[in-house]
Amino acid sequence: MNAITNLAFASHGNMFDAALSLEAVRQRAPAVFAPSAHERMSAKYTFIPTERVLSGLMQAGFVPVDARQTRARSASLLHTRHVVRLRRRFETVQLKDSVPEVVFLNSHDGTSAYQLRMGVFRVVCTNGLIVSRGAFPAYCVPHRGNVVDEVIAGALEVSERFGALADQIERMERRQLFKDEQLRFAEAALALRFPDPTQGAMQPSQLLTCRRAEDVGEDLWTTLNKCQEILFRGGLSRRSANGRLMRTRRITSIREDVRLNSRLWDLATEILAA
């Protein structure tokens with residue numbers, strides 16, 4: 001689905017082979033290892049490096065499989081927003097083509113508390129979703145108090161809901177969509193990415209293109225995945241206001257990644273509830 005991860009897994013059997021060491025996490029997201037908070041933070045801000053929290057999560061049975069951070073132009077690279085995706089070392093919840101994950105976000109410049117969200121990694125297209133707060137609760141831990149224990153408790157709470165997440169995904173797989181329903185979903189997805197119609201100027205059908213055999217299907221889960229992947233990876237052709245042919249850009253912003261993924265999930269769950 002999205003650009004939040006570049007991992008490539010051929011099957012469920014080797015999905016944990018690419019677990020990251022702390023050194024690999026450092027190379028992808030140096031902000032995880034920041035030695036101090038941003039200089040603008042007040043004395044009330046309790047600085048605990050993400051590395052310490054991540055180590056606690058690993059001791060609690062979670063495995064980091066991807067990490068990245070915001071490519072800030074002016075902000076400090078050691079304090080900017082960063083995200084680590086984790087899986088349980090021994091996963092008992094089985095999905096047809098996906099793996100449940102805990103998405104762990106943080107920053108050391110005051111722009112983000114410690115956040116724990118539910119995620120899904122779809123193996124066949126090496127993409128990761130982020131589930132909306134409306135569908136499943138997220139956990140925010142402020143930069144004060146017993147941060148490590150609270151984050152670990154939040155991660156355990158998120159993972160305990162993996163079974164309910166699997167049930168919801170299976171319902172999406174069973175929900176068949178007529179062609180006009182697929183087009184309405186794609187149209188709504190486009191509007192989330194390009195709320196200004198003059199910026200979009202694209203046909204919803206562009207989001208429904210099958211890029212692989214596993215994407216052939218009329219169900220809600222497949223439709224969500226196709227739309228999400230194409231929106232996030234970019235490359236869609238459109239006309240600018242002056243008629244010039246352009247291509248949409250890949251989404252690299254962590255903030256936009258979370259926002260758009262969550263809203264797309266909301267669109268899907270609204271169809272399930274209808």
Looking at residues at least two apart in the chain, or sitting in another chain, which of them share a side-chain contact (heavy atoms from CB on, under 4.5 Å) with [X]?
X	result
T46	I48, R144
A135	V131, S132, Q168, W265, T269
D167	E170
A24	L20, S21

Qualifying residues under salt bridge (charged side-chain N to carboxylate O under 4.0 Å, His left out), relative to [X], sequence neighbours excluded:
X	result
R263	D266
E218	none
E23	R26
R259	E256

Between [X] and [Y], is any pair of side-chain heavy atoms under 4.5 Å apart?
X	Y	result
V32	P49	no
L78	P35	yes
V84	D66	no
F162	V102	yes
Q69	V83	no
D215	E229	yes
L224	F185	yes

Linked, directly or transitively: L231 and L183 (ILVMFWY side chains, under 4.5 Å)
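No; tracing contacts between hydrophobic side chains, which count when under 4.5 Å, never links both residues.
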
Honestly curious: do L264 and L208 fall in one hydrophobic cluster under the side-chain, below-4.5 Å linking rule?
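In one cluster with L264: L208, no.
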
If we check side-chain contact (heavy atoms from CB on, under 4.5 Å) with V158, which of these qualifies: E101, M118, R117?
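That would be M118.
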
Exercise: identify the closest heavy-atom pair between [X] and [Y]:
X	Y	answer
Y139	G154	CD1-O, 3.9 Å
A155	L116	N-CD1, 3.6 Å
A34	F47	O-CZ, 3.0 Å
D257	I251	N-CG2, 4.2 Å
P204	A186	O-CB, 3.3 Å
G217	K226	O-NZ, 3.8 Å

Side chains of T50 and N106: do they bring a donor and an acceptor to under 3.5 Å?
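Per modelled atom types, T50 and N106 side chains form a pair under 3.5 Å.
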
Between [X] (side chain) and [Y] (backbone), is there a donor-acceptor pair under 3.5 Å?
X	Y	value
Q203	S205	no
S107	S112	yes
Q115	A138	no
E160	E157	no
S159	L156	yes
T80	L77	no

[atom1] of [X] to [atom2] of [Y]: how many Å apart, nearest 0.5 Å?
X	Y	atom1	atom2	value
T223	Q176	OG1	CD	8.5 Å
E187	L192	CD	CG	11.0 Å
L129	N261	CG	CG	5.0 Å
L260	S253	CG	OG	10.5 Å
R184	L267	CZ	CG	12.5 Å

Regarding R85 and the six-membered ring of F121, is the cationic atom NZ or CZ under 6.0 Å from the ring centre and inside 45° of its axis?
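Verdict for F121: no cation-pi partner in R85.
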
Solution key, residues 51-64 side-chain donor-acceptor pairs under 3.5 Å, sequence neighbours excluded:
residue, atom, partner, partner atom, Å
S55, OG, E51, O, 3.0

Mind running salt bridge (charged side-chain N to carboxylate O under 4.0 Å, His left out) on R122 and D97 for me, showing each step along the way?
CA-CA 6 Å; R122 188 172 182 235; D97 64 356; 2.9 Å; yes

Those residues that, when tested against E270, pass side chain to side chain donor-acceptor pair (under 3.5 Å) (two or more places apart)
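Result, side chain to side chain donor-acceptor pair (under 3.5 Å) vs E270: none returned.
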
With sequence neighbours left out, write down each residue that passes side chain to side chain donor-acceptor pair (under 3.5 Å) with R81, or none if nothing qualifies.
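Expected list: none.
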
Would D219 and R171 pass as an ion pair if we require N to O under 4.0 Å?
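R171 and D219: not salt-bridged.
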
Partner residues of F33 under the ring-ring contact (aromatic ring centres under 6.0 Å, His included) criterion, sequence neighbours left out
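Not a single residue meets the ring-ring contact (aromatic ring centres under 6.0 Å, His included) criterion with F33.
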
Aromatic plane relationship, H108 with H82 - under 30° parallel, 30 to 60° tilted, over 60° perpendicular
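Rings of H82 and H108: tilted, 30 to 60°.
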
CA sep, side-chain torsions, deciding dist, call: L220, E173, side-chain contact (heavy atoms from CB on, under 4.5 Å):
CA-CA 6 Å; L220 177 58; E173 292 171 340; over 6 Å; no

State yes or no: are the ring centers of H143 and Y114 separated by less than 6.0 Å?
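Yes, the ring of H143 comes within the 6.0 Å limit of the ring of Y114, centre to centre.
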
